[in-house]
Amino acid sequence: MEATNPTMANPSLLLESIFILFFLPPCLSCPEYQKQALLQFKSSILAINSSLHTLDSWNSSSSCCQWDNVTCTSPSNSTSTSTSRVVIALHLSNLFAQLYPEFSERMPSILLAPLFFIRSLMVLDISDNSIYGQIPALGFGNLSNLVHLDISQNKFNGSIPPQLFQLRHLRYLDLSHNSLHGSLSPKFDRWNPLFNAETKLNTLRLESNLLTGEIPSWLFNFKGLKTLHLGGNNLTWNNRVKIVPKCMLSELSLTSCSLEGEIPEWISTQKTVNFLDLSKNELQGSFPQWLAEIKVESMILSDNKLSGEVPTAFPQYIEILALGGNKFSGALPLNLTKLRNLQRLELQDNYISGELPNFLFHISHLQVLILRNNSLQGLIPKTISNLKYLQILDLSSNNLTGEIPIGFVNLAGMIEAPHLTSISNDVILVFHELISSNIMVNVLIVNWKKSKQGLPSHNIDMYFLLDLSNNQLSGEIPASLGGLKALKMLNLSYNKLSGKIPASLSDLQNLESLDLSHNKLSGSLPTTLSKLQQLTTFDVSNNQLIGRIPVGGQMDTMADPNYYANNSGLCGMQIRVPCPEDQSPAPKPQDYDNKEPWFLWEGMGIGYPVGFLLTIGIIFLAGYFNPSPPSNNHHRRPHHSIRQRV
Ligand SMILES: *[C@@H]1O[C@H](CO)[C@@H](O)[C@H](O)[C@H]1NC(C)=O
Ligand SMILES: *[C@@H]1O[C@H](CO)[C@@H](O)[C@H](O)[C@H]1NC(C)=O
Ligand SMILES: *[C@@H]1O[C@H](CO)[C@@H](O)[C@H](O)[C@H]1NC(C)=O
Ligand SMILES: *[C@@H]1O[C@H](CO)[C@@H](O)[C@H](O)[C@H]1NC(C)=O
Ligand SMILES: *[C@@H]1O[C@H](CO)[C@@H](O)[C@H](O)[C@H]1NC(C)=O
Ligand SMILES: *[C@@H]1O[C@H](CO)[C@@H](O)[C@H](O)[C@H]1NC(C)=O
Ligand SMILES: *[C@@H]1O[C@H](CO)[C@@H](O)[C@H](O)[C@H]1NC(C)=O
Ligand SMILES: *[C@@H]1O[C@H](CO)[C@@H](O)[C@H](O)[C@H]1NC(C)=O
Ligand SMILES: *[C@@H]1O[C@H](CO)[C@@H](O)[C@H](O)[C@H]1NC(C)=O
Ligand SMILES: *[C@@H]1O[C@H](CO)[C@@H](O)[C@H](O)[C@H]1NC(C)=O
Ligand SMILES: *[C@@H]1O[C@H](CO)[C@@H](O)[C@H](O)[C@H]1NC(C)=O
Ligand SMILES: *[C@@H]1O[C@H](CO)[C@@H](O)[C@H](O)[C@H]1NC(C)=O
C-alpha cells in the first residue's frame, strides 16, 4: 500500500526526490537491499514482542513500496524514465501502541541499525517508541538525504551527536522529550560556521531533555528557522549577549531557561511569532507595549516576576493568554473584552483586586478562566451565564461574597460536551486545531482531587471543572448546579454556604471529585449520591451534617474518615460509626460480635474481618474517634492521564 505522505507536498522534498530518481539504477520495485534491511528491522522488533502486528504488511513476497508506513518515490515518475523506486519515508511512530502499557524501555537503539543502510531516506519518524541508549551517531550520519527526522518521545540519552548537524538537507529536527545530556555551548560553537552556512533547518525541537549550558546566540542566525523549542532543560541565558536575530520565528519556547531582567526586546523583531512561551523564568518589569503588537495567538508568560498593573493592551487575535504566577496588580482591564478570539485566560496567583467585572463575561469565546488566588471581591455577576463555552472556571481563593448565581445553570459548556459543537463549530474547531497541532501549550494547573495537578493541553476539552472554593460565598447551593452534567469536579469548600445539600447534585453523572467541606451545610446527605458512579474524591467534612452516609456504588468506597469529620452526627459503615437505627436495642460493647450492625456492614461488601471491625467499634465507643487533620497524601491517582509535561 502506498502511504500518502503529507511531507511530499513540500517543494524542496520533491526536488530531492527528483535528484534521487536521476541517479539510481533502473528497477520498479524497491531495491533488494532496502527490503532486506526493513525485514531485518522487523524481525528484531518482533523478537521483542511477537504479538506486535503493526508491521504485518512487511512481507517478503511483496515490494517494500507496498508496505504500510513505507513510502517510495512515485511509480509514475519511474515508468517514463524506467528508474527504480526507492524508499524515501518511514513513518514508524508509536509502533508499540497496541502493546502499551506493558511495553516500556525494551527497544535498544541498536535495533535501528538496519535502517541506516537505506540512504535514500528523506523522512524518518521513529518517535514515541521507548527507544533507549545513545543516538546512533554514525548511523544517522549516513542518512545524508534526511530532510525530516523525528526521534522525539523516546528514552535516548547521552549527548546530541555532531553528525546530526552535518545533515545538509535537514529541515526538521525533533529530539524533544528524551533524556539527552550535555551542553549546547561552547562545544557546539565550533560547528556554528558550518551549520550556519549550510543549514536549511526550519524546526529545531530540543525541549524536555536534560541539556545544560548557555543557549548559543548563533541559533538565531539561521535565516530559515521558524520553530525553536528549548524549554524544559537546564539551559541558561546569557543576558549580556546582544541578539540581532536573522530568523523570523513562528514558534518560540524558552520556558525555564533562566531568563532574567525585562522581557528581551529582540523578541519584538519576531512580528510573526504565533506561539510564545517564556514561562518559568525570572523575568521582571512590566508587560511591554511592543508585546501587544506581535501577532501571537498563544502567549505564555506565567511564573515570572512581572509586575505593574494588569496589562491593558494585548495582541488582538490572541487565543491563549497565560499570565499566572506573576505580580500583576490592579483591576481587570476593560480591554480584555476586545479579544474576540480569547479562549483561555489564566491570571492566577497575582495581586488582582477589585470586583469581578460584568464585562469579563462578554469575552464570549472563553473556555478556560482561571483567576485563583487573587484579591477579587464582591459578587459573582449574573452575566457569567453569557460564557456559553466555558469548561473550566476557577475563582477559588479570592474574597468573593454573596450567593452562587442561579445563572450558572446556563453555562452551556458545562452542561454537555456534545452540546458545544451544536452552538458553533468554528470556535471549537479553532481551539482543537491549535491544541492538536504539535505545539505543546503549557499545562493548566488546577486543584484536582486534593492536590495541584496539571491538565495536559492536548485533551483539555475532556475537562469540565468548577472551583469556587475558599471565598466568602453564602446562601444555599443552588439546586440548578445539578444541571451542569459535564462537570468532573465541583469544589465549593471553604465558604459560608448553608442549607441542605441539594439532591440534584447526584445528577452530575461525570463527577469525579466533589468537595463541599468547610461550610455550614446542614441536614443529611442525599441518598441519591450513590448514583455518582465516577466519584473518587468526596469531602463533606467540617459542616453541620447529620444522618447516615449513603451506601451503594462508589459511596461504599468513600471511606476516609477525614472527609466526614467535624459534622454534627454523620454515621454509617464508611466511617464505622453505627447509626442510631442500627443499634436498637442499645447494645453493650461486648455484644457486638454477633449483633446486627456488623452483619449489615459486612453484607454491604466491605468485607473487613470481624476482628478488625470489633477493634474499631471498641475504639469508637471508647470515645477515641478523633480523626487527624487532612493531609495532601490522600489523593488517589486520577483516572485520566493527568500528567505534567513541561
Ligand atoms: C505475504 O502476502 C501475501 C499476499 O499479500 C500472502 O499470500 C502471503 O501468505 C504472505 N506471506 C507471508 C510470509 O506472510
Ligand atoms: C502505519 O500504517 C498503518 C496502516 O496503514 C496506519 O494505520 C498507521 O497510522 C501508520 N502509522 C504511521 C505512524 O504512519
Ligand atoms: C512525478 O511526476 C509528476 C508529473 O508527472 C510530478 O508532478 C511529481 O511531482 C513527480 N513526483 C516525484 C516524487 O518526483
Ligand atoms: C507482548 O505484549 C503482549 C500485549 O501487551 C503481552 O501480553 C505479552 O506478555 C508480551 N510478550 C512479551 C514476550 O513481552
Ligand atoms: C555508516 O558510515 C560509516 C562511515 O562513516 C560506516 O563505518 C558505517 O558502517 C556505516 N553504517 C551503515 C549502517 O551504513
Ligand atoms: C544511558 O542509559 C543506559 C541505560 O538505559 C545506561 O546504561 C547508560 O549509562 C546511560 N548513559 C548515559 C550517558 O547516561
Ligand atoms: C541545573 O544547572 C545548575 C547549574 O548549572 C545545577 O546547579 C543544577 O543542579 C542543575 N539542575 C538539574 C535538574 O540538572
Ligand atoms: C485598549 O486597546 C487598544 C488597542 O486595542 C489600545 O489602543 C488602547 O490604548 C487600550 N486601552 C488602554 C486603556 O490601554
Ligand atoms: C498565591 O499567590 C501569591 C502571589 O503570587 C503567591 O505568593 C502564593 O504562593 C499563592 N498561594 C498559593 C497557595 O498558591
Ligand atoms: C479578604 O478580605 C479580608 C478582610 O475583608 C482580608 O483580611 C483578607 O486579606 C482578604 N483576602 C484576600 C485573599 O484578599
Ligand atoms: C478544594 O479547594 C480547596 C481550597 O481551594 C483545596 O484545599 C482542596 O484540596 C480542594 N479539594 C479538592 C478535592 O481538590
Ligand atoms: C476538626 O476540627 C478540629 C478543630 O477545629 C481541627 O483541628 C481538625 O483538623 C478538624 N478535622 C478535620 C479532619 O478537618
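Residues: numbered from 1 along the sequence shown. Each ligand, and each atom within it, is numbered from 1 in the order the structure gives. Remember, it's a predicted structure, so these values are computed and weren't measured experimentally.
When only interatomic distances are considered, the shortest N/O to N/O separation between Tyr132 and ligand 6 does not fall below 3.5 Å.
Close approach to Ser51 involves these atoms of ligand 4, each under 4.0 Å from a residue heavy atom: 1 (C), 2 (O), 3 (C). Below 4.0 Å from some heavy atom of Asn49 lie the following atoms of ligand 4, by number and element: 1 (C), 2 (O), 3 (C), 8 (C), 10 (C), 11 (N), 12 (C), 14 (O). Which parts of ligand 6 touch His181 is read off a 4.0 Å heavy-atom cut-off, strictly below it: atoms 14 (O).
The line from CZ of Arg205 to NE2 of His229 is 4.5 Å long, rounded to the nearest 0.5 Å. Here the straight-line distance linking atom CG of Leu235 with atom CG of Leu230 works out to 6.0 Å at 0.5 Å rounding.
Between Lys280 and Asp303, none of the side-chain N atoms (NZ, or NE/NH1/NH2) sits under 4.0 Å from a carboxylate O, so this pair counts as no salt bridge. For Arg344 and Glu319, the salt-bridge test fails: no basic side-chain N is under 4.0 Å from an acidic carboxylate O.
Side-chain atoms of Asn157 and Ser179 form no donor-acceptor pair, as typed in the model, at a separation below 3.5 Å. With hydrogens and angles left out, the side-chain atoms of Ser279 and Thr255 include a donor and acceptor closer than 3.5 Å.
Within 4.0 Å of ligand 9, contacts by protein heavy atoms are made from Asn326, Asp349, Tyr351, Asn373, Lys452.
Applying the side chain to side chain donor-acceptor pair (under 3.5 Å) rule to Lys496 yields the partners Gln472; only residues at least two apart in sequence or on another chain are considered.
Tested against Ile352 for a side chain to side chain contact (heavy atoms under 4.5 Å, CB included), the candidates Leu332, Asn373, Asn398 yield a single pass: Leu332.
By the criterion of a heavy-atom distance under 4.0 Å, neither the backbone nor the side chain of Lys155 is placed next to ligand 6.
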